[in-house]
Amino acid sequence: MAREKPSQLQKDVFKATAKIPRGKISTYALVAEAIGKPRAARAVGNALNKSSGMPSCPCHRVVKSDGSVGGFTGGTRRKIFLLRKEGLEITSGNVSGFENHLYKFR
DNA sequence: CATATGACACTAT
DNA sequence: AATAGTGCCATAT
């Protein structure tokens with residue numbers, strides 16, 4: 001099997017997501033800003049989609065801007081479960097007080 | 001090179 | 001507050 005080479009976007013996105021400390025979360029828009037593309041929230045999601053298989057992928061720590069867990073290829077349930085394990089509270093596919101756990105890439 | 005798809009965001013209604 | 005429409009970026013075909 002030919003393994004695909006990680007795109008530049010995936011590298012940048014992975015770096016940003018890897019900075020998110022355990023117990024905290026971030027949004028696709030914030031990650032996009034962190035990599036220097038504040039309008040590339042979509043591309044960020046696309047990059048994370050390919051990062052399935054990456055080591056230490058805190059991709060579940062990335063949620064939408066309005067506090068929704070967003071999507072997750074393979075099962076949003078999984079993402080919610082992981083986030084709950086991190087000490088967060090998810091209700092109706094929505095992160096409770098997500099703004100309180102948001103990591104702003106200082 | 002153009003079209004279609006996708007783990008989004010913002011504004012208007 | 002919720003839904004719909006439009007915009008933006010990157011990858012795949």
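Below, chain A is the first sequence line, B the second, and so on; all start at residue 1.
Atom CG of Asn94(A) is separated from atom P of dA1(C) by 12 Å (rounded to the nearest Å). Rounded to whole angstrom, the span from the NZ atom of Lys64(A) across to the P atom of dC10(B) amounts to 11 Å. Whole-Å rounding puts the Lys37(A) NZ to dA9(B) C1' distance at 17 Å. Rounded to whole Å, atom C1' of dT5(B) lies 16 Å from atom CG of Leu9(A). If you measure from atom CZ of Arg39(A) to atom C1' of dC8(C), you get 9 Å, rounded to the nearest angstrom. The distance from atom CG of Asp66(A) to atom C1' of dC10(B) is 10 Å, rounded to the nearest whole Å. Atom OH in Tyr28(A) sits roughly 18 Å away from atom P in dA10(C) (whole-Å rounding). Spacing between atom CD1 of Ile90(A) and atom P of dA7(B) amounts to 19 Å, rounded to whole angstrom units.
Side-chain nitrogen and oxygen atoms of Lys50(A) include at least one within less than 4.0 Å of the OP1 or OP2 phosphate oxygen of dA12(C).
Ala41(A) comes within 4.0 angstrom of the backbone, heavy atoms only, and of no base. Across all strands, Leu48(A) comes closer than 4.0 Å to base atoms (heavy-atom distances). Contacts of Thr76(A) with the nucleic acid, taken as non-hydrogen atoms under 4.0 Å apart, are absent.
Closest to the Ser65(A) side chain, of the nucleotides dA10(C), dA9(B), dA7(B), is dA9(B).
Of the possible donor and acceptor atoms, one in the side chain of Arg84(A) sits under 3.5 Å from a partner among the backbone N and O of Ile90(A). Side chain of Glu86(A) to main chain of Gly23(A): a donor-acceptor pair is present (N/O by atom type, distance under 3.5 Å, no hydrogens or angles). The main-chain N or O of Ile20(A) is found under 3.5 Å from a side-chain atom of Arg61(A) such that the two form a donor-acceptor pair.
Applying the 3.5 Å distance criterion, the base of dG6(B) shares no donor-acceptor pair with the side chain of Asn49(A).
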